[in-house]
Structures are given as C-alpha cells and as structure tokens.
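Note that the structure is a prediction, hence the values are computed from the model and not measured.
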Amino acid sequence: MSELIIHIGMCKAGSSSIQKFLASNENILRKHGYRYADYNNSFLSERVQESGKFINGMMYTFLHGEKKGDNFEKKKWEDFLKRLEVDLSKSNVILSDEAIFADAAGKDYMACLKSRFRAHRIKCVVYLRRQDMHMESHRTQKIKAFKDIYKRSDSQRVSSMSMGDYCGYCLEHKITFYEYDTYLREFEEIVGKENMAVYTYEDACEYGLCRHFAEQVIKICYRELQENKRVNVSLSPMDTEVKRKLNNAFGRYPDAIKEFVDCLYSEMGLTYCNEGGFQLSPKDREKILDFYSEENKAVAKRYLNREKLFSDKIDYPYAKMDADRVSQNYQNLLVKMIAEIIYAYSYPSIRYVLEQEKQIVLFGAGGMCQKVVQEQEFPVAFIVDNDIEKDGIQVGGVTVVWSGNMDEWDKYFYLITPQDAHEIIIQLENKGLKSGEDFMQIKWETKDMMVLSAS
C-alpha cells in the first residue's frame, strides 16, 4: 500500500521553499520510493501556469472542474486523478499546495482524494505560523496581489491601514483559517487523527525547514539531498515592507545602496533596528495571541502533546514610521524603486546575456514565450520547443524549431521561458550545457519585471 502525503500549507509558512526543494531533488526522492507530483505542465490550464499562482496547484482545477462544472477543467481534474493513480501504483507520492489550507473548498478537495484512493494511506502535513507573524506577512502578500481577503475593491483601503488596524480588522472578521484547532479537526475527520502531521513553522525553521520536511515527514537524511540554491527575494515592491525588509539592505549591498537606504530612513522618519524592524507593536501582538490562546492550546495538546503551540515572545524590534511626514503613496513609490534596485543586484541581468558571444534562443513556445518576445527588447535567433506540432510556426515573428531537428546545441545561449523548467533543465544538462554559462531561466517577479535565474 503506497502513501499519499499531502502538504496543505499553510500559506506564508515556507511552502514555496519546500516545493522548490522537492522539485530539485526529484531523482533522489525516487530512489527512496517517493514521487513529487509536480503536474503543472501536464494538467493545469495555461492561464493558471502563466499566473504563477500555484507551484503544484490542482485546487484551481478542482474548484472549476469538480465544483463549478467547467468541462475543460473537469477533464484536467480527471486526467490528474488517473495520473495520480498510476503513480501511487508504483511508489509513494507527495502533493503540495498551500491553497488547500487557505481555501474553504480545501476540505472538499481532501475528501475527494480520500474517497478516490481509499486503498492508500493519506497523510496530511501542515506547518502552522503564529497568527501575528502570519498576519504581517499575509497582509503584505494581499497588497502585492492587489486584493483583500474578501473583495478586490478593499485592497486600497487595506493598504492604507496601519498594521495594527489591519490585524484588528482580521480579528473582527474572524478569519477562519486562523482558528487552527477548529480548522484542523475538519481535516482530521477526513484522514483520521493518526494521519495528521502538524508542525509549527517556528520550530521547523529552527531545525531548518527543508531539512525538517526531509527528516521528519518523509524520513530521508538531509545530507543526501540538494539544498535550495535560490530563495524568494526578500524585498518585495509594497509599502509594508519598508519597516522590516529594508533593514536587510544594510551590510548586504554596495555602499551606494546602503547610503541611499540610510537617507530613505532619515527622510521617512523610520526608527532603525539593528536586528530588523517589525510591523506590529508588542501591544498588538499580545492582543492577537490572547485572542487565539485557547485555540492554540488545544492544538498544542491534541497534535503536539505539549502545553504551548508557539513561543510567547512579543518584544520584537519595532520600526516606527512618522506617518505625518510620509504619505502612503510616497511610501509605495519609494519602496517600489528600492525593490527594483535590490532585484537588479540579486539577479543576473539581461545585459549579462547580451554580452555573450552566442546567439540567444528561447526554449519553450508557450504563453510566457510570447510575453518575452513582445515585451523584451533583445535579439532572439529562434525559439526551440519539444512539441513537433509547433515546428515552423511563428511566435511574435520569431520562428519555432522542433528540438528534434536541433544540431550543435552548444552554439547558442538558451533562455527558458516556462515557469516549470525542471525537465528542460535536465534536457539541456544532458546535452552537456551548464546553468549560468549556457542557459538561464526567465522568472517574472512581478507582472512587468523579468529577471534571470541560474538555478
């Protein structure tokens, strides 16, 4: 009997790191009897792949196919289940999607899998983040995505709130997934208490998040696995990151940037904290932790066999801003500008590629390729694709060549356009090409910001 391990999140608790870690260790996982089911290219609709919303996200397909009757998505959902059934007949399988925990339909998703694969053990894995910490990170993400928890039209109003006001807003509206005990018991009813693996993000980070997943969840020695070579860029272009993330620029970037950031602190009336400033005051943290104290105690006792779920620390460095001196719009503009500077120093630029003597070739003729051709001003010799049906077609005036007709692979520098590039990277490496020297992957950090990754 194979085991289906479903990592359900929560969001803002290291899900992306775990997913990238699993994808980069696919071959090693198989040797230990595990398959990481990264089914995006095969089953997710093109609009979801391009949005980058999920790294391994079948929730969209489930919602629109199984729940809403979209025939196109329903077929993809059925194809996914058939593929999963085949994989489970051969090995254990790991699924990962933070949307399962965040979406109210996540329990229906889990129940559907439980019903379909009764012959296999289904294990539910979740990392919980302390509510105050999660609210800080979650609000920032909502502003970045230009939507609020309830309505997109609320995003402007929420972005103008102080962090304390926003957390009060969350408490007032009783955001469901912060009530961890209630939420987890609903999943427990589906898979059974013995199949609930509940951890805290706080504990896992002390252990090493990816190491924790490897050694505590799938029981593989971390030394056998490859560490993540790239993590998410720490500075995001949004207002709330000013108080916390700009501190990271000190000591990490060239003197010119440090001088600029130092000046920015002075102009914005920020209190600089050597340890890194946070957005919530100790008083706000105490209020939030008190609100969820009974829920958290119940989770600690039921799933971790201890008294406390999280640490009680609330005296984190608090970076205050003089709101009277700096308007919200001014903060937004400044931080977006800083973000672009940080991104420029964090990633290889297209200038690096243009300095190469080789001609540039795009790999992958999908939607992202078309975006690159239309929006980026650099010469492209041609596009290579593994689909023979695309041989000879034009994408934005550039000819597509089937990879089976390619000779002399080492004559070109390749920019990989699909977001899920694992198989293409292996294909190029098998041709004797090296990441960073012969190819890079295109990433979209924001809708309009293209960067290059030598992963």
### Message
Assess the residue pair V86 and K90 against the criterion (side chain to side chain contact (heavy atoms under 4.5 Å, CB included)); give the C-alpha distance rounded to whole Å, side-chain angles, the decisive distance to 0.1 Å, and a yes or no.
### Response
CA-CA 7 Å; V86 171; K90 300 175 182 177; 3.9 Å; yes

### Message
Tell me if a side-chain donor or acceptor on S2 pairs with a main-chain N or O of S89 at a distance below 3.5 Å.
### Response
no

### Summary
For P379 and I360, the nearest pair of non-hydrogen atoms, with its separation, is O-CB, 3.5 Å

### Task
Decide salt bridge (charged side-chain N to carboxylate O under 4.0 Å, His left out) for D438 and K358; before the verdict, give the C-alpha distance in whole Å, the side-chain angles of both, and the deciding distance to 0.1 Å.
CA-CA 9 Å; D438 303 301; K358 298 177 180 180; 2.8 Å; yes

### Message
Rounded to the nearest 0.5 Å, what separates atom NE2 in H7 from atom CZ in F101?
### Response
10.5 Å

### Query
Side chains of I18 and L209: closer than 4.5 Å at any heavy-atom pair?
yes

### Query
Distance-only, no hydrogens or angles: does the D385 side chain make a donor-acceptor pair with backbone N or O of A365 under 3.5 Å?
yes

#### Entry: Heavy-atom pair of closest approach, residues C170 and M135
CB-CE, 3.8 Å

### Task
Go through the steps for Y207 and E215 under the test side-chain hydrogen bond (donor to acceptor under 3.5 Å, both in side chains), then give the verdict.
CA-CA 10 Å; Y207 192 88; E215 297 186 350; 2.6 Å; yes

### Validation row: M110, I6 side chains within 4.5 angstrom (heavy atoms)
yes

### Heavy-atom side-chain contact between L4 and L95 under 4.5 Å
yes

### Task
Please determine, by modelled atom types, if R121 and N195 share a side-chain donor-acceptor pair under 3.5 angstrom.
yes

#### Entry: Backbone N/O of M10 and side chain of R129: donor-acceptor pair under 3.5 Å
no

### Query
Would Y222 and F21 count as a side chain to side chain contact (heavy atoms under 4.5 Å, CB included) if you check the C-alpha gap in whole Å, the side-chain angles of each, and the deciding distance to 0.1 Å?
CA-CA 11 Å; Y222 185 66; F21 173 69; 3.7 Å; yes

### Query
At their closest point, which heavy atom of A214 faces which heavy atom of L225, and how far apart are they?
CB-CD1, 3.6 Å

#### Entry: Donor-acceptor pair between H32 and E224 side chains, under 3.5 angstrom
yes

### Message
For K219, I'd like to know if atom NZ has over 12 heavy atoms of other residues, nucleotides or ligands within 6.0 Å.
### Response
yes

### Task
With the side chain counted from C-beta on, respond yes when I220 and L29 share a heavy-atom pair under 4.5 Å apart, and no when they do not.
yes

### Query
To the nearest 0.5 Å, how far apart are CD1 in I100 and NZ in K107?
11.5 Å

### Task
Show your reasoning for whether side chain to side chain contact (heavy atoms under 4.5 Å, CB included) applies to I424 and F439.
CA-CA 10 Å; I424 293 176; F439 64 87; over 6 Å; no

### Message
Is any side-chain heavy atom of V217 closer than 4.5 Å to one of Y199?
### Response
yes

### Euclidean distance, C210 SG relative to Q19 CD, rounded to 0.5 Å
10.5 Å

### Message
A side-chain contact here means heavy atoms from C-beta on lying under 4.5 Å apart; do C124 and I8 qualify?
### Response
yes

#### Entry: CD on E408 to NZ on K431, rounded to 0.5 Å
12.5 Å

### Message
Pairing donors with acceptors under 3.5 angstrom, does anything connect the side chains of Y178 and H134?
### Response
yes

### Query
Using a distance-only test with no angle check, is there a side-chain donor-acceptor pair under 3.5 angstrom linking Q427 and N386?
yes

### Query
Taking the six-membered ring for Trp, are Y412 and F382 ring centroids under 6.0 Å apart?
yes

### Query
Could you state the interatomic distance from NZ (K371) to OG1 (T417), rounded to the nearest 0.5 Å?
12.5 Å

### Task
Mind checking the OG-CD spacing from S15 to E98? Nearest 0.5 Å is all I need.
4.5 Å

### Query
Hey, mind stepping through S435 and I425 against side chain to side chain contact (heavy atoms under 4.5 Å, CB included) and telling me if it holds?
CA-CA 8 Å; S435 177; I425 290 172; 5.7 Å; no

### Message
I need the minimum non-hydrogen distance between I190 and A111, along with the two atoms involved.
### Response
CG2-CA, 3.8 Å

### Task
Report yes if the side chains of H212 and E206 come closer than 4.5 Å at any heavy-atom pair, otherwise no.
no

### Task
Please check if the side chain of N92 supplies one atom and the backbone of E3 the other of a donor-acceptor pair under 3.5 Å.
yes

### Message
I need the minimum non-hydrogen distance between F413 and G436, along with the two atoms involved.
### Response
CE1-O, 4.2 Å

### Modelled atom types, side-chain donor and acceptor of Q131 and Y180, under 3.5 Å
no

### Query
Is R30 close enough and on-axis enough to Y34, meaning under 6.0 Å and within 45°, for cation-pi?
no

### Main-chain N/O of V384 paired with S403 side-chain donor or acceptor, under 3.5 Å
no

### Query
Which is it for D79 and R83 under the salt bridge (charged side-chain N to carboxylate O under 4.0 Å, His left out) test, yes or no, and what are the steps along the way?
CA-CA 6 Å; D79 288 344; R83 170 73 175 275; over 6 Å; no

### Query
Do NZ/NE/NH1/NH2 and the carboxylate oxygens of E26 and K31 come within less than 4.0 Å?
no

### Task
Write down the atom of G33, the atom of S91, and the distance for their closest heavy-atom approach.
O-CB, 3.5 Å

#### Entry: Aromatic ring proximity, centroids under 6.0 angstrom, Y201 and Y127
no

#### Entry: Side-chain touch R35/I94, heavy atoms, less than 4.5 angstrom
no

